[in-house]
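Just so you know, ligand 1 is whichever comes first in the structure, and atom 1 is the first atom listed for that ligand. Computed from heavy atoms alone, side chains included, the values below leave out hydrogens, waters and symmetry copies. When a residue number appears, it is its place in the shown sequence, counting from 1.
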Amino acid sequence: MSDNMSLDPDNWDELRAQGHRMLDDMIDHLAQVRERPVWQPIPREVRDRFHAPLPHAPEPLQDIYAEFRRSVAPYSTGNIHPGFMGWVHGGGNAAGMLAEMLSAGLNANLGGRDHMPIVVERQILEWVRELFNFPKGASGLFVTGTSMANFIALLVARTRALGEDARRKGLADSGGKLRAYTSRAAHGCVAKAMDMAGFGTDALRLIATDKLDRIDVEALRAAIRDDRDAGLTPFMVVGTAGSVEAGAVDDLNVLADICRQQSLNFHVDGAFGALAMMSPELAPRLSGIERADSIAFDFHKWAQVPYDAGFVLVRDGALHLRTFDSPATYLRRDVRGLAAGSPWPCDFGPDLSRGFRALKTWFTLKTYGTDRLGAVMANTCAIARHLERRVRSEPLLELVRPAQLNIVCFRFRGDDALNAELVATLQESGIAAPSATSIDGRVTIRAAIFNHRSVEADVDVMVDAVIETARTIAERKR
Ligand SMILES: Cc1ncc(COP(=O)(O)O)c(C=O)c1O
């Protein structure tokens with residue numbers, strides 16, 4: 001055995017030069033994003049290269065990097081491109097990218113202990129509290145994304161309903177009677193959270209929506225009443241601030257009223273919509289969110305922080321702590337030394353080891369400022385309104401959902417198969433990447449404008465391409 005097993009390089013200058021090349025290339029990659037296709041299918045030989053045997057022996061870093069440039073970078077998701085309009089994907093940003101490198105260099109573990117990265121995460125929590133007008137006792141935590149944030153909020157609501165006993169005993173008899181409520185337009189991760197928490201998805205009532213996908217509050221009241229009459233125990237309402245399909249925002253004030261009257265936990269899934277609090281133009285649409293018991297949202301969506309950076313905010317920090325803290329000898333706390341600073345982030349969620357998501361968020365918020373990020377959000381809504389006008393003006397297109405925020409859903413006048421083919425063909429063309437969904441039982445083209453680089457001309461290019469592609473498909477079939 002060598003007496004030096006360190007993985008550090010023999011020659012730091014070589015590493016420095018290699019690192020500088022990588023950084024330069026990645027900055028070029030961002031600066032030249034418009035010159036590349038939005039997305040391109042992975043060629044078979046590239047995919048095949050990634051069935052290689054386990055690498056027992058070392059390879060030079062520059063060779064591995066060359067493989068990355070050849071095989072990985074060109075075939076990424078494409079969401080840094082302004083023509084990417086599928087699903088709900090943020091565009092990332094250069095300052096956040098650099099911060100990711102710094103985080104990796106520090107290699108900090110934010111599960112706990114007393115070090116500055118945790119202080120940075122707590123700084124973000126303070127900013128989040130301020131943004132949503134939450135009290136000082138509110139707790140919060142970075143997580144992978146809103147799916148996990150919703151799950152954590154649900155477990156906090158479970159503690160409120162059943163007490164901490166549920167942590168030992170499980171749902172037992174009383175837990176089986178609990179019922180939660182959300183709208184049919186809610187994201188599927190809410191049902192998944194019910195499944196993972198052991199309630200089962202049947203314990204989640206999916207309430208009807210109006211024609212803009214907002215929860216029907218009268219139907220909600222009726223469902224709560226019916227469940228109480230049947231001897232069940234309503235315990236939680238999940239409102240949506242920015243629905244995944246069409247950007248609908250529930251009437252959060254009415255939901256807050258219902259929850260207060262009925263003593264229910266009020267959680268808001270604001271995966272992308274919640275951070276519209278940064279925009280004075282959009283914030284009034286979220287009125288009532290400040291009354292929630294908890295909010296789940298992602299910095300990696302509309303706020304453009306690089307993936308991943310989800311967050312859960314809980315009004316009652318003590319309840320949040322009681323839901324997750326799990327003393328262990330090997331995690332002994334102290335009032336001084338590295339083990340000081342309790343409670344630690346691991347006391348507020350399921351993860352013990354945690355990366356430094358807070359740093360890229362801190363860099364992003366400070367580099368651009370929340371006013372500018374809010375203006376980016378408002379601008380994407382203006383682009384979506386432009387798209388809506390464009391769709392309305394095209395006789396071959398049919399508007400399915402208007403621009404409530406930054407999402408527009410429309411169809412080419414034709415059957416489902418044609419609309420699905422249009423979307424896939426458009427994605428493969430590299431010109432634009434909307435996604436396909438199903439609304440009112442019909443395949444629908446969905447354009448969600450999240451990227452700070454997108455401009456009106458990008459949605460025009462997308463609409464032109466939809467019409468042109470439909471013409472090409474029709475000619476081919478003739
Ligand atoms: C409304 C809503 N909730 C939850 C999620 C899930 O968020 P994540 O992908 O960060 O887990 C999404 C994702 O798009 C969403 O739009």
Check: Considering only heavy atoms, which protein residues lie less than 4.0 Å from any atom of ligand 1?
Finding: Val88, Gly145, Thr146, Ser147, His187, Cys189, Gly242, Val244, Asp269, Ala271, Asp298, His300, Lys301

Item checked: Heavy-atom check, side chain of Glu421 versus side chain of Val443, under 4.5 Å -> no

Notebook entry, point to check: Hey, does the side chain of Glu398 reach the backbone of Gly414 with a donor-acceptor pair shorter than 3.5 angstrom?
Noted result: no

Which donor-acceptor pairs under 3.5 Å do the side chains of residues 347-357 make with protein atoms, sequence neighbours left out?
residue	atom	partner	partner atom	Å
Asp347	OD1	Arg333	NH2	3.0
Asp347	OD2	Arg333	NH1	2.7
Asp347	OD2	Trp344	N	2.7
Ser353	OG	Asn109	ND2	3.4
Arg354	NH1	Leu110	O	2.9
Arg354	NH1	Glu121	OE1	3.2
Arg354	NH2	Glu121	OE1	3.3
Arg354	NH2	Glu121	OE2	2.8
Arg354	NH2	Phe142	O	2.8
Arg357	NE	Asp308	OD1	2.8

Note to self: Is the ring pair Phe84/Trp87 parallel, tilted or perpendicular, if the boundaries are 30 and 60 degrees?
What the structure shows: tilted

Notebook entry, point to check: Going through the checks in order, is the side chain to side chain donor-acceptor pair (under 3.5 Å) test met by Gln404 and Arg214?
Noted result: CA-CA 11 Å; Gln404 299 187 65; Arg214 295 169 302 200; 5.0 Å; no

Check: What do you reckon, is CZ of Arg122 surrounded by more than 12 foreign heavy atoms closer than 6.0 Å?
Finding: yes

